[in-house]
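In what follows, a single structure is set out as structure tokens and then discussed.
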Amino acid sequence: KSAVGELRAVEGAISGRIVAAAEVQPDVEAQRVSELGFLPQSYVDEARRFVGRLQETQANTTDLAAAIAAAEAAKAGADLLSAAELYRTALNLAPERFDLWTSYTDVAIRASSDNWEIQQQLTQDRTSGAVNAYLRAATPEDRAAALQLMGDALATRDDWKPAIRAYRAGLALVAVPARRAAYERAI
């Protein structure tokens, strides 16, 4: 039959047309959250609040490339606090980008301040950045890299049990010597 007319029911026969349906994709973020069973829920909530705070602030620029270039320049100049702030601006413009979350988290882990309030905020934002990076990770390599950052961030909070579990989960995905060394130091 080359044409499909009006569909009608006939006793003892079925008429119809075959339609290819789009494959339902599971919610990636929900799947990633479920994979973080070793992490206290408060850290996931903290990460969501961090994204909310980013969305509430007004970005200084609308040029994502310029924000990233400025962040990279500050990072290269070892001005890590400025680099962290510039990456936050870039994340405000493109919160879905995994690479920006990992760059921000890496800089936040290495940054420090003599100001207690700034240091406390960095400590919290490191973990939030790592969790958000993991939630946006697409490949096993990306997930493993985000888990290593999560382990590093949790270690700066002296939350060793989840840090070790994050390192272990990253090693289960992709075993690389640097990740193994971080895991060995933690245990």
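Here Asp125 pairs with Arg53, Arg88, Tyr104, Gln121 under the side chain to side chain donor-acceptor pair (under 3.5 Å) rule; sequence neighbours left out. The salt bridge (Lys or Arg N to Asp or Glu O under 4.0 Å) check on Arg143 picks up Glu35, with sequence neighbours excluded. With sequence neighbours left out, Tyr167 forms a ring pair (Phe, Tyr, Trp, His ring centres under 6.0 Å) with no residue at all. With sequence neighbours excluded, no residue forms a ring pair (Phe, Tyr, Trp, His ring centres under 6.0 Å) with Tyr183. In this structure Glu46 satisfies the salt bridge (Lys or Arg N to Asp or Glu O under 4.0 Å) test together with Arg157, sequence neighbours excluded. Shown here are the side-chain contact (heavy atoms from CB on, under 4.5 Å) partners of Gln41, two or more places apart in sequence or in another chain: Val44, Asp45, Arg48.
Here the OG1-OH distance, from Thr105 to Tyr87, works out to 11.0 Å after rounding to the nearest 0.5 Å. A distance of 9.0 Å separates CD in Glu141 from CG in Leu173, rounded to the nearest 0.5 Å. If you take CD1 on Ile109 and CE on Met150, they are separated by 10.5 Å, rounding to the nearest 0.5 Å. Atom CZ of residue Arg126 and atom CG of residue Leu154 lie 11.5 Å apart, to the nearest 0.5 angstrom. With rounding to the nearest 0.5 angstrom, the OG1 atom of Thr62 is 11.0 Å from the CG atom of Asn92. Here the straight-line distance linking atom CG of Leu135 with atom CZ of Arg32 works out to 8.5 Å at 0.5 Å rounding.
Considering all non-hydrogen atoms of both residues, Asp99 and Thr102 come closest at O-OG1, 3.0 Å. Nearest heavy atoms, Val131 versus Ala47: CG1-CB, 3.6 Å. Across Ala71 and Ala83, no two heavy atoms sit closer than the pair O-CB, 3.6 Å. Residue Ala155 comes nearest to Ala163 through the heavy atom pair N-CB, 3.9 Å, listed as atom of the first residue, atom of the second, then distance. For the residue pair Leu64 and Arg97, the shortest heavy atom distance occurs at CD2-NH1, 3.4 Å. The heavy-atom pair separating Leu147 from Gly170 by the smallest distance is CD1-N, 3.6 Å.
Residue Ile68 is grouped with residue Leu54 when hydrophobic side chains (ILVMFWY) are merged at heavy-atom distances under 4.5 angstrom, including chains of intermediate members. Linking ILVMFWY residues whenever their side-chain heavy atoms come closer than 4.5 Å, directly or via other members, leaves Ile164 and Phe38 in distinct clusters. Leu93 and Val107 end up in the same hydrophobic cluster when Ile, Leu, Val, Met, Phe, Trp and Tyr side chains are linked at under 4.5 Å. Leu171 is not connected to Val174 by any chain of hydrophobic side-chain contacts under 4.5 Å among Ile, Leu, Val, Met, Phe, Trp and Tyr, and they are in different clusters.
Sorted by first and then second residue, the ring-ring contact (aromatic ring centres under 6.0 Å, His included) pairs with a member in residues 58-80 form an empty list; sequence neighbours excluded. Applying the salt bridge (charged side-chain N to carboxylate O under 4.0 Å, His left out) test to every pair with at least one member in residues 144-154, sequence neighbours left out, gives no pairs at all. Screening residues 175-187 for salt bridge (charged side-chain N to carboxylate O under 4.0 Å, His left out), with sequence neighbours left out, gives no hits. Identified under the salt bridge (charged side-chain N to carboxylate O under 4.0 Å, His left out) test for residues 70-81, with sequence neighbours left out: Lys75-Asp106.
Residue Trp116 belongs to no hydrophobic cluster, having no ILVMFWY side-chain heavy atom closer than 4.5 Å to its own. In this structure, Leu81 shares a hydrophobic cluster with Ile118, Leu122, the cluster being traced through Ile, Leu, Val, Met, Phe, Trp and Tyr side chains under 4.5 angstrom apart.
A donor-acceptor contact shorter than 3.5 Å is absent between the side chain of Asn132 and the backbone of Trp101.
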side-chain contact (heavy atoms from CB on, under 4.5 Å) between Tyr43 and Leu36, intermediate numbers included: CA-CA 10 Å; Tyr43 289 138; Leu36 294 175; over 6 Å; no
